[in-house]
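Read through the structure below, which is laid out as structure tokens, and then see the notes.
These numbers come from the heavy atoms of this one structure, side chains and all, not from hydrogens, waters or symmetry mates. Protein chains get the first letters and strands the later ones, always in sequence-line order, with residue 1 at the start of each.
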Number of protein chains: 2
Amino acid sequence: MISGKFAITLHILTLLSKYPEEYLSSDFLASSMNINPVLVRKEMANLKKHDIIESREGKYGGSKLAKAPEHISLDDIFKITFETVTLGYCKKEPNPKCPVGNKINDNLDKLYCDINTDISNKLCKITLQEFTQEF
Amino acid sequence: MISGKFAITLHILTLLSKYPEEYLSSDFLASSMNINPVLVRKEMANLKKHDIIESREGKYGGSKLAKAPEHISLDDIFKITFETVTLGYCKKEPNPKCPVGNKINDNLDKLYCDINTDISNKLCKITLQEFTQEF
DNA sequence: AAATTTGTAATCAAATTTATTACAGAACAT
DNA sequence: ATGTTCTGTAATAAATTTGATTACAAATTT
């Protein structure tokens with residue numbers, strides 16, 4: 001199972017980018033996703049840590065983008081919400097006495113690393129603004 | 001959590017491709033991965049269904065490649081062991097009354113579909129033989 | 001001061017994956 | 001033919017991960 005962090009974060013940012021002047025509350029954002037506001041606030045914390053949004057506590061608080069959606073790429077979001085894309089590993093440590101077992105994870109690492117580079121290259125070229133325009 | 005099917009299957013095939021003449025048992029294969037033989041047999045069943053290996057029951061049974069490793073691509077393996085690569089979805093159905101909630105999954109689908117095409121294109125070009133040579 | 005919202009911790013529930021047990025049936029060797 | 005070994009497969013249990021929920025302190029505005 002893959003966590004929904006990327007999707008939730010992108011959903012948040014899409015909404016913030018639709019209403020760039022307003023502070024939107026975690027409750028409002030959560031109701032668009034139909035999830036618990038606490039999950040939204042957790043992703044807000046992450047976004048804030050990386051200076052992508054700013055937030056305000058207290059009455060009429062909420063969050064808004066800290067920079068223009070033209071200057072936020074999907075790769076920025078990918079990097080802060082996703083470890084790396086993999087096609088999986090065998091959970092157990094393989095047998096080091098077997099030449100294949102001994103090297104399989106290194107070789108998978110290389111493959112997955114290449115895949116991640118490609119994905120990053122693709123996501124780099126898509127800005128939040130472009131993504132948001134499709135709504 | 002991502003399942004280890006792709007990794008286990010590739011590990012199996014790498015071993016079979018190292019010993020192309022022999023029928024290797026699920027017990028032998030499992031001991032290289034340090035996992036339960038039943039898991040290996042499950043992937044063997046899948047590989048057999050797609051005519052990538054052949055297997056023999058009974059004493060001295062096991063499995064061997066059904067075609068040359070030059071004619072098996074990592075994309076073949078990917079397609080039979082992995083649904084699609086995604087960066088995740090929000091688990092709950094989003095709010096259809098929100099223009100973003102209403103379209104977010106379609107737009108994520110498009111993005112992920114593109115990513116999968118890229119990955120397939122990359123994996124198509126790598127044969128099992130090439131992968132196996134790195135051991 | 002009251003109301004509302006973030007920030008965060010702690011705990012629960014649900015879903016998924018992996019491990020294990022069990023055993024029938026097949027194939028081979030002697 | 002009989003014992004041995006291996007696949008094939010189902011059923012279940014254990015482990016892990018993710019998401020949901022509850023709770024409440026601290027902050028900010030009116």
Practice task
For B:Asn46 and B:Ile80, indicate whether the former's side chain and the latter's backbone hold a donor-acceptor pair under 3.5 Å.
Solution key: yes
For [X] and [N], give me the distance from atom [atom1] to atom [atom2], rounded to whole Å.
X: A:Lys42; N: D:dA20; atom1: NZ; atom2: P; answer: 10 Å
X: B:Asn46; N: D:dG8; atom1: CG; atom2: C1'; answer: 14 Å
X: B:Glu83; N: C:dT17; atom1: CD; atom2: P; answer: 9 Å
X: A:Glu43; N: C:dG7; atom1: CD; atom2: C1'; answer: 14 Å
X: A:Tyr23; N: C:dG7; atom1: OH; atom2: P; answer: 11 Å
X: B:Leu39; N: C:dT16; atom1: CG; atom2: C1'; answer: 14 Å
X: B:Ile35; N: C:dT20; atom1: CD1; atom2: P; answer: 10 Å
X: B:Lys49; N: D:dG8; atom1: NZ; atom2: P; answer: 13 Å

Looking at side-chain heavy atoms only, is the closest gap between [X] and [Y] below 4.5 Å?
X: A:Asn116; Y: A:Phe78; value: yes
X: B:Ser26; Y: B:Met44; value: yes
X: A:Tyr23; Y: A:Glu54; value: yes

Exercise for the section: Indicate whether the side chain of A:Thr9 and that of A:Thr81 have a donor and an acceptor atom separated by less than 3.5 Å. Expected result: no
Practice task
Compare side-chain N and O positions of B:Asn36 against OP1 and OP2 of C:dT20 and report whether any pair is under 4.0 Å apart.
Solution key: yes
Exercise for the section: Tell me whether the OP1 or OP2 atom of D:dA20 has a side-chain N or O from B:Lys92 closer than 4.0 Å. Expected result: yes
Fill in the blank from the handout: Residue pairs meeting salt bridge (Lys or Arg N to Asp or Glu O under 4.0 Å), one or both in residues 68-87 of chain B, sequence neighbours left out, come to B:Asp75-B:Lys79
Handout entry: Nucleotide paired to D:dT30 in any strand shown, Watson-Crick or G-U, under 3.5 Å
Key = C:dA1
Problem - Ring geometry between A:Tyr112 and B:Phe6 (parallel below 30°, tilted from 30 to 60°, perpendicular above 60°) - result: tilted
Could you list all N or O pairs between the protein and nucleotides 4-6 of chain C that sit under 3.5 Å apart?
{"residue": "C:dT4", "atom": "O2", "partner": "A:Lys59", "partner atom": "N", "Å": "3.1"}
{"residue": "C:dT5", "atom": "O4'", "partner": "A:Gly58", "partner atom": "O", "Å": "3.1"}
{"residue": "C:dT5", "atom": "O2", "partner": "A:Gly58", "partner atom": "N", "Å": "3.2"}
{"residue": "C:dT6", "atom": "OP1", "partner": "A:Ser26", "partner atom": "N", "Å": "2.6"}
{"residue": "C:dT6", "atom": "OP2", "partner": "A:Ser26", "partner atom": "OG", "Å": "2.6"}

